[in-house]
Participant: 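One structure, as structure tokens, below. Some questions next.
Residue numbering restarts at 1 for every chain, and letters A, B, ... go by the order of the sequence lines.
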Protein chains: 2
Amino acid sequence: MSAVPSRRRTGRDQLLAVALRLFARDGIQATSLQDIADEAGVTKAGLYYHYKTKDEIVLDVLRPLLDALPAVTRRAEAHRTRTARVDEVLGGLIEIALYEHSGFAVLMQDPYLTRLLGQQESMRQWWDGTSTLILGPDPDPQTRIGLAMFINGLAGAGRDPAMTPLDDRSRRQALLECGRRLLRCD
Amino acid sequence: MSAVPSRRRTGRDQLLAVALRLFARDGIQATSLQDIADEAGVTKAGLYYHYKTKDEIVLDVLRPLLDALPAVTRRAEAHRTRTARVDEVLGGLIEIALYEHSGFAVLMQDPYLTRLLGQQESMRQWWDGTSTLILGPDPDPQTRIGLAMFINGLAGAGRDPAMTPLDDRSRRQALLECGRRLLRCD
DNA sequence: GTCTATATAAAGATAGAC
DNA sequence: GTCTATCTTTATATAGAC
């Protein structure tokens, strides 16, 4: 028994980090358990001590992301003005896109995950609720489409070469400005 | 010899249509030759009369798209004012995203294709050139990132539920408005 | 907790008949 | 131009030793 119950770099966590990197680079479907095992320095069978199936690995890799998105919405609900809610949602999504960009890109774009989450029914519900929260129950189509372009373009914009000369703060600011323009909040 | 040399629904074309639909729905890697053959009503071996490899099918499916993007840029180069060039590029990309949306989404997002095109070196070059054409040689980062969000978000926004109530013209208009806002052209 | 070895299914691809 | 049959490789997954 360890005297330190806090999270260390246990085998499981290391596997997840390796898997996420490969998923983001090659796509989930193209990443075999053999690839993950090789990269992690274990054998394929060794993975099965930690996980029963590949899907279990996938879901565990994306778990932090799947939790982070509703958390953003909950924080936004605590605000009373529309402006504050918009900023909380846009800012929260930008944080995720910038600092967990691998996971965010996989979550938003990988076809394997789309199927695994059942055509993303849960994702769609979260997005509907979040959209309604910041745009109101009956927003004009232009604004809704602007928001759709923001969420769909965020992962790509976050890893665009145009970001490289900017520091962290400028990156957040630039992406926030994109969102505000699309939602006509500037 | 046929009296009608024009394009009919030959076996090859039908295979491409089937393949594109499956690629867009499940991703390229998750779509096996068996899947395509089943859907097209032939056997797996039958595919190999038309194509030597799966990659050949993939590239042939995406060929119209890979040709359409540079064509947009060439049309834009014919204009002299920046405004006209911007509208030609944005409008051209919107046309593709709306009317060849399956192919466009696959082209922009599928990890299999990214690898097949060699980390998309050719795509990156096209995008650099197009970006420079409409933004000038040294655009401010905010505008470049806005353009990145547009191209990356276009496929997703084009198939967002918010599009359904709109007719074709309104859809084009809404997406164009997104682009103009991101580029501060309104 | 990680290994060797193996089972089983499915992938891409080819040979050759019709 | 499409088929049946088959080859080879690789995928997920399991059994059981250490």
Participant: Starting at atom CG of A/Leu47, determine the distance to atom P of C/dT4, rounded to an integer number of angstrom.
Facilitator: 13 Å
Participant: Rounded to whole angstroms, how far apart are CD on A/Gln34 and C1' on C/dT2?
Facilitator: 14 Å
Participant: How does each nucleotide of nucleotides 13-18 of chain C score, in 5' to 3' order, for protein heavy atoms under 4.0 Å: base (B), sugar-phosphate only (S), or none (-)?
Facilitator: BBB---
Participant: Report the distance from atom CG of A/Leu93 to atom CG of A/Leu154, rounding to the nearest 0.5 Å.
Facilitator: 6.5 Å
Participant: Tell me: CG of A/Asp38 to P of C/dC3, nearest whole Å?
Facilitator: 11 Å
Participant: When the distance from NE2 of A/His50 to C1' of C/dC3 is rounded to whole Å, what number comes out?
Facilitator: 13 Å
Participant: Check side chain to side chain donor-acceptor pair (under 3.5 Å) between A/Ser102 and all other residues, then give those that pass, not counting sequence neighbours.
Facilitator: none
Participant: Could you tell me the separation between the CG atom of B/Asp26 and the P atom of C/dA11, rounded to a whole number of Å?
Facilitator: 12 Å
Participant: Quick one, B/Tyr99 and B/Ile94 - any side-chain contact, counting heavy atoms below 4.5 Å?
Facilitator: no
Participant: Please report, rounded to the nearest Å, how far the P atom of C/dG1 is from the OH atom of A/Tyr51.
Facilitator: 12 Å
Participant: Could you tell me whether the side chain of A/Leu62 reaches within less than 4.5 Å of the side chain of A/Phe104, counting heavy atoms only?
Facilitator: no
Participant: NA contact type, A/Thr43, heavy-atom cut-off 4.0 Å: base, sugar-phosphate, or nothing?
Facilitator: base
Participant: Please tell me whether B/Leu47 and B/Tyr49 are part of a single hydrophobic cluster in this structure, the criterion being side-chain heavy atoms less than 4.5 Å apart.
Facilitator: no
Participant: Over how many whole Å does the gap from B/Gln29 atom CD to D/dA11 atom C1' extend?
Facilitator: 11 Å
